[in-house]
There are 2 protein chains.
Amino acid sequence: MIRIMIADDHQLFAEGLSQALNSLPDARVVGVVNSGPALEQALKTQPAEISIVDIEMPGGDGITTIDALGMRTRAIVVSMYASDEQKERAARAGARGFFSKAVPLTTLAAAVRAVADGKNLTELSDEERDQVLETYREAQLDPGAASLTAREREILQLLAIGVSATDELADRLYISQKTVKNHLASIFQKLAVSDRTQAAIEAIRLGIARPS
Amino acid sequence: MIRIMIADDHQLFAEGLSQALNSLPDARVVGVVNSGPALEQALKTQPAEISIVDIEMPGGDGITTIDALGMRTRAIVVSMYASDEQKERAARAGARGFFSKAVPLTTLAAAVRAVADGKNLTELSDEERDQVLETYREAQLDPGAASLTAREREILQLLAIGVSATDELADRLYISQKTVKNHLASIFQKLAVSDRTQAAIEAIRLGIARPS
DNA sequence: GAGTCATTGGGTCTTGCGACCCATCATCGG
DNA sequence: CCGATGATGGGTCGCAAGACCCAATGACTC
């Protein structure tokens, strides 16, 4: 699980990004602050592998903040108006990634994974960087969730939309109730849960099923 | 259910906001686009009560777009650098609300509800507007969910984080298993569900419990 | 061809769950 | 002061759910 801290003075952006990143199965936003100094403060009590920092913030811009953070966290800079000059400065200050706010969420998610894995995206050429990001596009699912079979996923999807009774599941899938229970048993084992309620919650959390 | 369309050229912002608004129990984002013309196009096939429009977009700014939208949707403008002059122009073009991207999500959520309910926030003084927003801070919960008691909510919150077994719930709340079952029975009735799995899903959907 | 695995299904057994009945006590509003 | 409601319990009953064994088939790999 990658722990993320977000620093951005535009609260709407910060909160939205927080929600979005939290929906990833392999990341968790542990803090949202709105200034550089607040980020330094927050990281003292709450460690985070990754910090996403807006470069345009009032009261000491993001650059000086990143410099001050040093080794405590790895910073990814996001900017409204991404310029090469900004990128240069961010890289020199120690940022591991630099992105415009115009990039899709999936790109930032890939960057978070790449940087958490030790990559420094600012050292790479644009082509190299895109190539690296490509390899990190897929979330590393929980070891359990990754090994779910197609049928098991199907059952989880139904579970997550409220089809919880064994007989209903059996009807929907045109199989016997016994088979449903067998599938559920393996799902429980793989997800390390003990009943279908917990399985449904896990399914929603892992993004296996869209929560309606 | 309030249907929302988001138009913003900063995709990271748009997607994040989409996730955040989707987590509200009474709203649903039905489309995310990155330009004014794309918004007009999208609204032709997918109706939405509310459109959240960035005023700073390349290729014809948000203002002209709002003008063109007319009666099809009610626009709420968000801006990076909120100025009085921008606010004026937005109001004249027909926007029903105007907010800086620095406002908290809860404020925008309240504004969405207020505008969907027919209010025009741009016509109000700052004090009046804040007063109106205050009355819309709470989501209008489902008729069933609204009548849940404090204790029932508490049980739902635990359910939604995976505390599903009766004895565990009883332990956490320091009450007998029988009382837990009694509370669950009334929850099922109020939410019109038939078991704790469906109740947990409803709880997550209604925003009664934060999905961890 | 042997082996692995997904999918289907069987049986049995214990426990948990949900439906239904009930009572007690405190709090709060009329 | 009294009725309503919420929170706490009790009991019973039938069925569902989950844990544990197992087997047959088909597909795919080595």
Side-chain angles (χ1 to χ4, degrees), chain A residues 138 140-209, chain B residues 138 141-206 208-209:
Chain A
E138 290 294 315
Q140 343 272 42
L141 288 181
D142 284 16
S147 63
L148 286 172
T149 69
R151 201 53 156 171
E152 287 161 359
R153 263 172 229 277
E154 214 170 332
I155 289 185
L156 269 177
Q157 282 162 11
L158 288 173
L159 250 197
I161 59 169
V163 184
S164 53
T166 305
D167 56 350
E168 279 188 45
L169 287 164
D171 284 354
R172 294 262 198 142
L173 298 170
Y174 303 106
I175 55 180
S176 81
Q177 297 193 19
K178 194 61 208 38
T179 305
V180 170
K181 294 175 89 172
N182 284 340
H183 285 311
L184 281 171
S186 15
I187 290 171
F188 296 162
Q189 223 180 352
K190 289 180 180 177
L191 295 185
V193 298
S194 51
D195 58 48
R196 53 191 79 189
T197 300
Q198 293 177 359
I201 295 167
E202 268 300 291
I204 293 173
R205 196 183 70 76
L206 291 172
I208 288 169
Chain B
E138 289 294 314
L141 292 177
D142 283 16
S147 62
L148 287 171
T149 69
R151 200 55 155 170
E152 286 162 0
R153 265 172 226 278
E154 215 170 333
I155 290 186
L156 269 177
Q157 282 164 10
L158 288 173
L159 249 197
I161 61 169
V163 184
S164 53
T166 306
D167 57 350
E168 280 188 45
L169 287 164
D171 284 353
R172 294 262 198 144
L173 298 170
Y174 304 107
I175 55 179
S176 81
Q177 297 193 20
K178 195 62 209 35
T179 306
V180 170
K181 295 175 87 172
N182 283 339
H183 284 310
L184 281 170
S186 11
I187 290 171
F188 296 162
Q189 222 180 352
K190 289 180 180 176
L191 295 185
V193 299
S194 51
D195 58 46
R196 52 191 82 190
T197 301
Q198 294 177 357
I201 296 166
E202 269 298 291
I204 293 172
R205 197 183 68 77
L206 292 171
I208 289 170

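Chain letters run A, B, ... following the sequence lines, proteins first, then strands; residues in each count from 1.
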Can you tell me the distance, in whole Å, between the [atom1] atom of [X] and the [atom2] atom of [N]?
X	N	atom1	atom2	result
A:L169	C:dT7	CG	P	15 Å
B:L148	D:dT5	CG	P	16 Å
B:I187	D:dG6	CD1	C1'	13 Å
A:Q189	C:dA6	CD	P	12 Å
A:L159	D:dA16	CG	P	17 Å
A:E152	C:dC5	CD	C1'	11 Å

Quick one: closest heavy-atom pair of [X] and [Y], and the distance?
X	Y	result
A:I201	B:G162	CD1-N, 3.6 Å
B:A199	B:L159	CB-CD1, 4.0 Å
A:E202	A:L191	CB-CD1, 4.1 Å

Rounded to the nearest 0.5 Å, what separates atom [atom1] in [X] from atom [atom2] in [Y]?
X	Y	atom1	atom2	value
B:K190	B:L156	NZ	CG	10.0 Å
A:Q157	A:R172	CD	CZ	12.0 Å
B:I175	B:I155	CD1	CD1	5.0 Å
A:I187	A:R151	CD1	CZ	11.0 Å

Contact under 4.0 Å: [X] side-chain N or O vs [N] OP1/OP2:
X	N	result
B:H183	D:dT8	yes
A:T179	C:dT7	no
A:S176	C:dT8	no

Item to check | Stepwise side chain to side chain donor-acceptor pair (under 3.5 Å) check, A:T166 with A:Q177 | outcome: CA-CA 6 Å; A:T166 305; A:Q177 297 193 19; 5.4 Å; no
Please write out the pairs of protein N or O atoms and N or O atoms of nucleotides 24-30 of chain D separated by less than 3.5 Å, giving the distance to one decimal.
none

Checklist entry - What is the nucleic acid contact for A:T149, judged by heavy atoms within less than 4.0 Å: base, sugar-phosphate only, or nothing? => result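 Result for A:T149 = sugar-phosphate.
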Checklist outcome for this item: Heavy-atom contacts, protein to nucleotides 16-30 of chain C, under 4.0 Å, summarised as B (base), S (sugar-phosphate only) or - (none) per nt, yield -BBS-----------
Next on the checklist: Any side-chain to backbone donor/acceptor pair from B:D195 onto B:Q198? Under 3.5 Å, distance only.
Outcome noted: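 Yes.
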Next on the checklist: Can you see whether A:E168 engages A:S164 through a side-chain donor-acceptor pair at a distance of less than 3.5 angstrom?
Outcome noted: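 Judged by distance alone, the side chains do not pair up.
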Item to check | Dot-bracket pairing map - DNA chain C, Watson-Crick plus G-U, both contacts under 3.5 Å, | cross-strand | outcome: |||||||||||||||.||||||||||||.|
Checklist entry - Can you tell which of B:R196, B:H183, B:E154 makes a side-chain contact (heavy atoms from CB on, under 4.5 Å) with B:L169? => result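 Single pass found, and it is B:R196.
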